[in-house]
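Inspection log for the structure reproduced underneath, given as structure tokens.
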Amino acid sequence: MPASPTDRHLAAAKFAEEWAGRGQEDMHDQTFWNQFLGEVMGVARVHHEIDYQKRVTIPHHGTKRIDAYIPASKVLIEQKSQHVDLKAAHHDLAVLMVRLLFCLYAEDSGLFDPGAFSSYLQVHAADITAFRYALINIFAVLDTPPERRAANLDFDEALVQLPYVNGGLFAEDIVLPQLTAEIRLELIVNCARAFDWSQISPVIFGSIFESILSGDERRAGGMHYTSPANIHKVIDPLFLDELRSELNAAGHNKAKLLALQDKMASLKFLDPACGSGKWSGYYCVSSYGAGL
């Protein structure tokens, strides 16, 4: 037990050297803290001073576990393995959320066969490991073109009918967090089954992507979104303002309205980004709303 600040300093240096470059959360968590509290901090009866895997109640979320708790100092400990980048962990969670939103929308909007996503998850929902690999397999299939799927024997027959999604949304390998039984139930029943995601406007999805991922993360994952405000900064002065002026000038004159309709039908636009065509689709919606 360190008896002086100097001894404690030496003990801390020895402890840091011994643990440098190693440590797995699920294997060494108790050893790490027992040694630190005992040999460095001089705690006499360590096992009386720290609680591991302590159950806590979170309002509206039930009972959870925290890695460790020191009652005397009211310290909560959340531990991660060596080389786990906490910023990267946030990135993985953000990418997972975007992927889940895409799959929920794709299932309800007809991009996937009815129930292809939620039914597959439900089959594997009872076991946490099976559920995790179900998600991994879904993401892998969505990132694999049909001509390459036959060579992958790991693909479940129930998934090979899912369409290929290009753009890189499902290309990156991410670390999935622990998905409790409650989370699995919420995802399948309340998110997938009890809500019609096809009614969500693409503008809302764009806003969600904006809030979850940074610009660099969206570009890296092929998730490009342009807000309506920025779309109008381009299309209004380019052609939409002029067309609206012509519409107002035409009034109820049928001949002028037909001429304007012919003019619009003859217009051609280049979208060099070669994306989803959202801005041109938005233009059509705006024109229709204006009475054209």
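Inter-residue side-chain proximity for R193 and S119 is flagged as met; some heavy-atom pair is nearer than 4.5 Å. When side chains are defined from C-beta on, F117 does not count as touching D108, because their heavy atoms never get closer than 4.5 Å. Proximity of W33 to D67: side-chain heavy atoms (C-beta onward) are nowhere separated by under 4.5 Å. In this structure the side chain of R244 reaches within 4.5 angstrom of the side chain of D236, judged on heavy atoms.
For the atom pair SG (C103) and CG (L135), the distance works out to 8.5 Å, reported to the nearest 0.5 Å. Between the CG atom in L176 and the CD1 atom in I136 there is a gap of 5.0 Å [rounded to 0.5 Å]. One distance of note links CG of L101 with CD1 of I200; it measures 9.5 Å at 0.5 Å rounding. The line from CZ of F139 to OG1 of T144 is 13.0 Å long, rounded to the nearest 0.5 Å. With rounding to the nearest 0.5 angstrom, the CG atom of L179 is 7.0 Å from the CG atom of L96. The CG atom of L169 lies 8.5 Å from the CG atom of L142; values are rounded to the nearest 0.5 Å.
Between W19 and F15, the angle of the ring planes lies from 30° to 60°, which puts this pair in the tilted group. Ring orientation note: the planes of F36 and F32 are close to parallel, at an angle under 30° on the 30°/60° scale.
No chain of hydrophobic side-chain contacts below 4.5 Å, direct or via other Ile, Leu, Val, Met, Phe, Trp or Tyr residues, connects Y164 to I138. Taking hydrophobic clusters as Ile, Leu, Val, Met, Phe, Trp and Tyr residues chained together by side-chain heavy-atom distances below 4.5 Å, L247 does not share a cluster with L258. No continuous path of ILVMFWY side-chain contacts below 4.5 Å connects L121 to V123, so the two sit in separate hydrophobic clusters. L100 and I128 end up in different hydrophobic clusters when Ile, Leu, Val, Met, Phe, Trp and Tyr side chains are linked at under 4.5 Å. In the hydrophobic cluster analysis, where Ile, Leu, Val, Met, Phe, Trp and Tyr join through side-chain heavy atoms closer than 4.5 angstrom, V98 is grouped together with L111.
When all heavy atoms are compared, the tightest approach of I188 to A125 is CD1-CB, 3.6 Å. Minimum heavy-atom separation, A11 to V40: O-CG2, 3.8 Å. The two atoms that bring D92 and E172 nearest to each other are OD1-OE2, 4.5 Å, heavy atoms only. Nearest heavy-atom pair across H124 and A130 is CB-O, 3.8 Å. Looking at every heavy atom in both residues, R184 comes nearest to A126 through NH2-O, 3.7 Å. Of all non-hydrogen atoms in E49 and V43, the two that sit nearest each other are CG-CG1, 3.5 Å.
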* Asked: Given L260 and K256, is the side chain to side chain contact (heavy atoms under 4.5 Å, CB included) satisfied, shown in steps?
  -> CA-CA 6 Å; L260 179 57; K256 290 183 178 180; over 6 Å; no
* Dump the intermediate steps for side chain to side chain donor-acceptor pair (under 3.5 Å) on N34 and Q30, then the final yes or no. => CA-CA 6 Å; N34 288 342; Q30 296 188 29; 5.0 Å; no
* Walk me through it: do F131 and I183 pass the test side chain to side chain contact (heavy atoms under 4.5 Å, CB included)? => CA-CA 11 Å; F131 190 84; I183 293 175; over 6 Å; no
* Check the pair Q261 / L257 against side chain to side chain contact (heavy atoms under 4.5 Å, CB included), numbers first and verdict last. => CA-CA 6 Å; Q261 186 179 50; L257 289 173; over 6 Å; no
* To do: Report the C-alpha distance between I235 and F269 in whole Å, list the side-chain angles of each, state the deciding distance to 0.1 Å, and finish with yes or no for side chain to side chain contact (heavy atoms under 4.5 Å, CB included).
  => CA-CA 10 Å; I235 67 175; F269 302 96; over 6 Å; no
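Residues meeting the side-chain hydrogen bond (donor to acceptor under 3.5 Å, both in side chains) test with H252, sequence neighbours left out: none.
Between the side chain of W197 and the backbone N or O of C191, at least one donor-acceptor pair lies under 3.5 Å.
Between Y105 and F112, the distance from one ring center to the other does not fall under 6.0 angstrom.
Heavy-atom neighbours of E147 CD from other residues, nucleotides or ligands within 6.0 Å: above the threshold of 12. At most 12 heavy atoms of other shown residues, nucleotides or ligands fall within 6.0 angstrom of atom CG in D173. By the 6.0 Å contact criterion, OH on Y133 is open, its count of non-hydrogen atoms from other residues, nucleotides or ligands being 12 or less.
We find that K263 and E246 are joined by a salt bridge, their nearest charged nitrogen and carboxylate oxygen being less than 4.0 Å apart.
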